[in-house]
Amino acid sequence: MSVASPVIERGTAASRIAGIGVVAIILLLAIAPQFLSAGAVDRMTALFIYVILAAMWNALAGFGGLVSVGQQVFFGLGAYFAIRLANAGMNPFVSLFVSAIIVGVVSWPISLFMLRLKNGEFAIGMWVIAALTHLLVNLDRLIQGETGTSLIALNVYDASTRRLTIYWLALGSMAALLAILFGLLRGSTGAAIRAIRDNEDAAASVGVRVTGTKRLLFVLAAFGIGVAGALWLATAITFQPKTYFNVQWTAYMIFMVLVGGIGTFEGAIIGALLFFLIETWFGGTGVWYLIGLGATALVFSLLLPRGLWGTVEERFGWRLLSVGYRVRLPAIGAADPATDTTAPTQTTTHREKA
């Protein structure tokens with residue numbers, strides 16, 4: 001009787017079913033506006049934007065270990081460049097995505113010096129960059145300081161056409177960004193990202209391109225958040241720098257990721273959905289809404305430090321959208337089914353790598 005070898009699994013039957021379910025949900029959401037009211041369409045558009053924000057911050061901090069409290073800089077720049085491009089004569093819907101590309105390009109030189117900072121220095125440094133960018137945008141005469149301006153180019157479209165177009169753009173952007181992120185994290189780059197998060201020096205010692213990998217993740221997160229900022233502008237029309245460069249946007253991202261489960265692909269989506277529900281039900285209660293968010297975050301930090309999905313994953317071993325791998329170890333004394341017909345009698349154990 002020979003000893004069975006460990007088996008590395010990249011997915012399970014449940015994860016494959018979950019993948020099919022995600023595709024089905026996206027297709028259903030694509031036709032949902034036919035059955036939803038105008039208000040419901042607007043709210044669903046906001047949900048898609050929240051998912052983008054949560055997924056991008058989770059990619060940066062949860063998988064890459066780059067905790068930032070200044071990601072609102074890319075949210076604000078996404079809206080600002082969209083205003084600028086539309087004012088220059090570009091189609092307003094096209095400007096939403098061109099502005100995000102510009103944000104990604106701008107984030108590259110920012111990464112050259114920001115990624116030299118570590119831990120708290122990086123987090124605070126990003127907040128400083130956001131504050132400085134806010135001040136610079138205020139100097140633009142088109143923006144008129146904190147008075148702001150509007151994406152008036154969208155007014156040439158009737159309200160129904162504008163609402164549906166923005167809805168589909170937000171849905172498509174969310175699906176595309178999640179797919180890109182999922183593919184990135186499942187590949188060798190994803191393994192490198194998590195290795196850097198766990199121990200940067202050890203990752204470098206085995207040949208991981210630490211700086212280049214971190215920069216790729218930084219730029220992708222900036223681009224995604226830039227998309228979210230531009231889409232939010234399309235839904236709100238008006239642009240006021242103090243609103244778009246407000247640190248509350250990063251606070252929302254952190255809340256969604258911590259509550260859903262930091263470092264898990266599903267957690268960001270669940271956290272965004274929970275935040276969306278809390279905002280929908282209690283957003284009109286004023287300051288009590290913010291107090292409730294803070295209290296919720298505190299409760300989760302104390303009782304469920306790994307968040308909702310992180311706790312479920314740890315307790316039950318469920319992985320529906322797994323970006324890691326699972327090593328299945330044979331039980332001691334179990335036979336290798338390829339060479340022995342004797343069935344194993346002991347329970348197989350598992351070890352998982354996120």
Side-chain angles (χ1 to χ4, degrees), residues 26 29-57 71-87 90-103 137 143 147-178 223-246 248-253 256 269 272-273 275-284 289:
I26 291 175
L29 289 173
I31 62 174
Q34 301 180 38
F35 313 101
L36 298 176
S37 65
V41 170
D42 288 339
R43 293 303 300 151
M44 291 300 296
T45 302
L47 172 60
F48 302 152
I49 295 173
Y50 291 153
V51 171
I52 293 174
L53 291 174
M56 293 299 104
W57 196 87
Q71 293 306 99
Q72 67 271 16
V73 63
F74 304 121
F75 187 83
L77 285 177
Y80 169 69
F81 287 130
I83 286 280
R84 262 294 170 193
L85 292 169
N87 185 69
M90 182 177 288
N91 180 284
F93 292 119
V94 175
S95 72
L96 302 180
F97 295 98
V98 176
S99 69
I101 294 174
I102 296 175
V103 170
V137 168
I143 304 304
T147 301
T149 185
S150 300
L151 190 61
I152 57 177
L154 282 178
N155 291 335
V156 300
Y157 302 93
D158 66 83
S160 178
T161 299
R162 185 170 66 233
R163 178 178 292 108
L164 292 177
T165 302
I166 296 170
Y167 173 93
W168 284 317
L169 288 176
L171 174 62
S173 299
M174 178 191 72
L177 287 168
L178 288 178
F223 170 77
I225 293 174
V227 170
L231 289 169
W232 192 269
L233 171 67
T235 63
I237 302 297
T238 59
F239 174 78
Q240 291 180 303
K242 64 182 178 182
T243 298
Y244 285 79
F245 288 95
N246 196 317
Q248 73 174 12
W249 290 106
T250 296
Y252 291 161
M253 297 179 214
M256 289 185 282
I269 300 173
L273 179 59
F275 175 75
F276 169 78
L277 293 175
I278 293 174
E279 183 187 59
T280 300
W281 293 335
F282 306 108
Y289 161 65

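Computation of the quantities below employed the complete heavy-atom set of this structure, encompassing side-chain atoms and omitting hydrogens, waters and symmetry-equivalent molecules.
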Distance check, rounded to the nearest 0.5 Å: [X] atom [atom1] versus [Y] atom [atom2]?
X      : Y      : atom1 : atom2 : result
Leu169 : Leu164 : CG    : CG    : 11.0 Å
Leu47  : Leu171 : CG    : CG    : 10.0 Å
Ile31  : Ile26  : CD1   : CD1   : 13.0 Å
Leu233 : Gln240 : CG    : CD    : 11.5 Å
Ile166 : Leu154 : CD1   : CG    : 5.5 Å
Ile143 : Ile83  : CD1   : CD1   : 6.0 Å

What I want to check is whether the side chains of Thr250 and Gln72 have a donor and an acceptor closer together than 3.5 Å. yes

Check for a donor-acceptor pair, side chain of Trp249 on one end and backbone N or O of Thr243 on the other, with a separation under 3.5 Å. yes

Main-chain N/O of Arg162 paired with Thr165 side-chain donor or acceptor, under 3.5 Å: no

Please find out if less than 6.0 Å separates the ring center of Tyr252 from that of Tyr50. no

Indicate, with yes or no, if the rings of Tyr244 and Phe239 have centres closer together than 6.0 Å. yes

What is the minimum heavy-atom distance between [X] and [Y], and which atoms define it?
X      : Y      : result
Gly229 : Ala79  : O-CB, 3.7 Å
Leu151 : Ala82  : CD1-O, 4.0 Å
Gly78  : Ser99  : O-OG, 3.1 Å
Thr238 : Ser150 : CG2-OG, 3.6 Å
Ala100 : Gly226 : CB-C, 4.0 Å
Met256 : Ala54  : CB-CB, 3.9 Å

With heavy-atom distances below 4.5 Å as the criterion, would you say the side chains of [X] and [Y] are in contact?
X      : Y      : result
Ile102 : Leu85  : yes
Val51  : Phe276 : no
Phe75  : Asn246 : no
Val227 : Met56  : no

For Phe81 and Val98, what are the C-alpha separation, side-chain angles and deciding distance, and is it a side chain to side chain contact (heavy atoms under 4.5 Å, CB included)? CA-CA 8 Å; Phe81 287 130; Val98 176; over 6 Å; no

Side chain to side chain contact (heavy atoms under 4.5 Å, CB included) assessment of Met174 paired with Leu231: CA-CA 11 Å; Met174 178 191 72; Leu231 289 169; over 6 Å; no

Walk me through whether Ile225 and Leu53 qualify under side chain to side chain contact (heavy atoms under 4.5 Å, CB included). CA-CA 6 Å; Ile225 293 174; Leu53 291 174; 4.0 Å; yes

Got a sec: does the CD1 of Ile152 have more than 12 other heavy atoms crowding it under 6.0 Å? no

Evaluate Phe223 against Ile101 for side chain to side chain contact (heavy atoms under 4.5 Å, CB included), listing each step before the verdict. CA-CA 6 Å; Phe223 170 77; Ile101 294 174; 4.0 Å; yes

